[in-house]
Number of protein chains: 2
Amino acid sequence: MADINVSASSRPAKGDPGVPARSGGLGEGDPLVDVIELFFFAYRNFVSDPDEILQGIGFGRAHHRVLHFVNRHPGMRVTDLLDILRITKQSLGRVLRELVDQGFIDSRAGASDRRQRLLHLTPKGEALAQQFVTLQSHRIRRALEECGPDSRETARRFLVAMIDPEDRGPVEKLIARADQQAEAKTSGASGKASPPAGGSLGATGNRPAPLVRPAG
Amino acid sequence: MADINVSASSRPAKGDPGVPARSGGLGEGDPLVDVIELFFFAYRNFVSDPDEILQGIGFGRAHHRVLHFVNRHPGMRVTDLLDILRITKQSLGRVLRELVDQGFIDSRAGASDRRQRLLHLTPKGEALAQQFVTLQSHRIRRALEECGPDSRETARRFLVAMIDPEDRGPVEKLIARADQQAEAKTSGASGKASPPAGGSLGATGNRPAPLVRPAG
DNA sequence: ACATTTATGTCAGCCATGTTGACTTTTTTC
DNA sequence: GAAAAAAGTCAACATGGCTGACATAAATGT
């Protein structure tokens, strides 16, 4: 409440730019560089939160990302994960193998389509993923509290608007779907070792909609 | 103005959380996971902007970061860069050598302390750095415009608040110092091949204050 | 004057995580 | 039964972190 001194570096907001919008008038000399750098420093701190834990078990950020999204989308296919992470099958395969071998992720053949490997977290994996979410949520919560009551929606809107327009829809759907599933799970049965009830993703039919980006 | 559909995934704001703040009541089941993920997707897009250009000249993101901060702090020392980037001398040395060899960065011995190598961008380097700033500023400007007139300060405050408390001061000072220098430069002489007037960093004496973090 | 510290650079090697390309197996779909 | 899809694998390579060990030049302290 008394630590934020943002205006220390900001020029007088909008009037009197000193230099009259040099060469083009769009995004060159304007003080948006500060936001570029704040984004860099903020994200670096943000991702460094889980690093300590990860290092203790010989994992890296790639493992974190996989754990996170499998946690959010229990029963997801490998292809779904590839669509979200946008890395190659080989890169994913490396970390996924370690996570399965060490008992953090459970990979079972799909019931309806036995080519698929449906990914679930083991209790061990869930505990770890929950640790990460808790850590990073603390940081976000603290930040939002310092920014006042309305900051949450503004921050959300800002982050969404920073995403490529063609990705926004899929990303928001992805988040919405995960939220719905989590809600259904907690309001339903006591919720452990969830049955693959009704095709855990997509749920529209045999071919669940891609989580992110239909094609590249 | 009509494209943002943030509320598609958000539960009814604050009341009726569905699950009554399970196990601890702080940052576990609360819908802050969406912000975690939005931050991930937003930052991925954000850093991918310059990638296309970088790939064309055989550079990577490490080169981008070096170019950016040398651009913002002309005449900075190698140590300053290390403090900001928080990587090892060896890692920095690799990309710095390439940037100097290929004529993007000029590395001159300091006048008062000839051990120092003061880093400046060449015109070629400046042009490239400016390209990156323009690209990323476009994204930010677009995002802020979509979020309304007050979003800029909120976004700034949010990003600052996401930074580790002990880093905020140094980071804000860093940004303020760069802004001041840029201002002085544009308002001063016609502004080319700037003289090392008055010790380009710190300016308090022989030992300029560290840009970020006095001690690792 | 000499010892120490500081700023920088460099060699060598390792690790994590991304990439491409080629190929296999299993299963589903047409 | 052919083609396509889901997954996995091997090999090789690139980027960009890391550690450890040194080397050199210049400033600083005694």
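What you see below is based on every heavy atom in this structure, not just the backbone, and it leaves out hydrogens, waters and symmetry mates. Every chain is numbered from 1 and lettered A, B, ... according to where its sequence line falls, protein lines coming before strand lines. In this text, all values refer to a predicted model and were calculated from it rather than measured experimentally.
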> When all nucleic acid strands are considered with a 4.0 Å heavy-atom cut-off, which category describes A:Gly60: base, sugar-phosphate, or nothing?
Replying inline: sugar-phosphate

> If you draw a 6.0 Å radius around CZ in A:Arg142, do more than 12 non-hydrogen atoms from other residues or ligands fall strictly inside?
Replying inline: yes

>> Over 60° means perpendicular and under 30° means parallel, so tell me whether B:Phe39 and B:Phe158 are parallel, tilted or perpendicular.
In response: perpendicular

>> Please determine whether any donor N or O and acceptor N or O are separated by less than 3.5 Å between the side chain of B:Arg115 and the base of C:dT6.
In response: yes

> Think A:Arg117 has a side-chain N or O under 4.0 angstrom from the OP1 or OP2 of D:dA7?
Replying inline: no

> Where does the angle between the aromatic ring planes of A:His64 and A:Phe132 fall among parallel (under 30°), tilted (30 to 60°) and perpendicular (over 60°)?
Replying inline: tilted

>> Expressed as a whole number of angstroms, how long is the span from A:Leu85:CG to C:dT19:C1'?
In response: 15 Å

> Just how far, in rounded Å, is C1' of D:dA21 from NZ of B:Lys89?
Replying inline: 10 Å

>> Reading DNA chain C from 5' onward, which residue's closest nucleotide shows up sooner: A:Thr88 or A:Gly58?
In response: A:Gly58

>> Quick check for you: among C:dG9, C:dT17, D:dC18, whose closest atom lies nearest to any side-chain atom of B:Val78?
In response: C:dG9

> Are any of the side-chain heavy atoms of B:Gln131 and B:Ile53 separated by less than 4.5 Å?
Replying inline: yes

> To the nearest angstrom, how far is B:Gln55 atom CD from D:dG16 atom C1'?
Replying inline: 15 Å

> NA contact type, B:Arg94, heavy-atom cut-off 4.0 Å: base, sugar-phosphate, or nothing?
Replying inline: base

> For C:dG18, does either OP1 or OP2 sit under 4.0 Å from a side-chain N or O belonging to A:Arg65?
Replying inline: yes

> With respect to the phosphate group of D:dG16, does any side-chain polar atom (N or O) of B:Ser91 fall under 4.0 Å of OP1 or OP2?
Replying inline: no

> Is any side-chain N of the basic residue among A:Arg44 and B:Asp167 closer than 4.0 Å to the acidic one's carboxylate O?
Replying inline: no

>> Starting the side chain at C-beta, find the nucleotide from C:dA7, C:dT20, D:dG17 nearest to B:Gln116.
In response: C:dA7

>> Let me spell it out: for each of A:Arg114 and A:Arg61, pick the nucleotide of DNA chain C with the closest heavy atom. Which residue's pick is nearer the 5' end?
In response: A:Arg61

>> What is the distance, to the nearest angstrom, from the CG atom on A:Leu119 to the C1' atom on D:dG8?
In response: 13 Å

>> Can you tell whether the side chains of B:Asp83 and B:Arg77 come within less than 4.0 Å, N to carboxylate O?
In response: no

> Rounded to the nearest Å, what distance is computed from the CG atom of residue A:Asp113 to the P atom of nucleotide D:dA7?
Replying inline: 8 Å

>> If I take atom CG in residue A:Leu92 and atom C1' in nucleotide C:dA16, what distance separates them, rounded to the nearest angstrom?
In response: 15 Å

> Could you give the CG-to-C1' distance, from B:Leu118 to C:dG9, as a whole number of Å?
Replying inline: 16 Å

> Taking CG from A:Leu54 and C1' from D:dC18, how many angstroms apart are they, rounded to a whole number?
Replying inline: 17 Å

> Is there a donor N/O on one and an acceptor N/O on the other, under 3.5 Å, for the side chain of B:Gln90 and the base of D:dG20?
Replying inline: yes

>> Check this one for me: any side-chain N or O of B:His63 less than 4.0 Å away from OP1 or OP2 of D:dT15?
In response: no

> Does C:dT10 have OP1 or OP2 sitting under 4.0 Å from an N or O in the side chain of B:Arg97?
Replying inline: yes

> Can you tell me if the side-chain N/O atoms of B:Thr79 get under 4.0 Å from OP1 or OP2 in C:dA7?
Replying inline: no

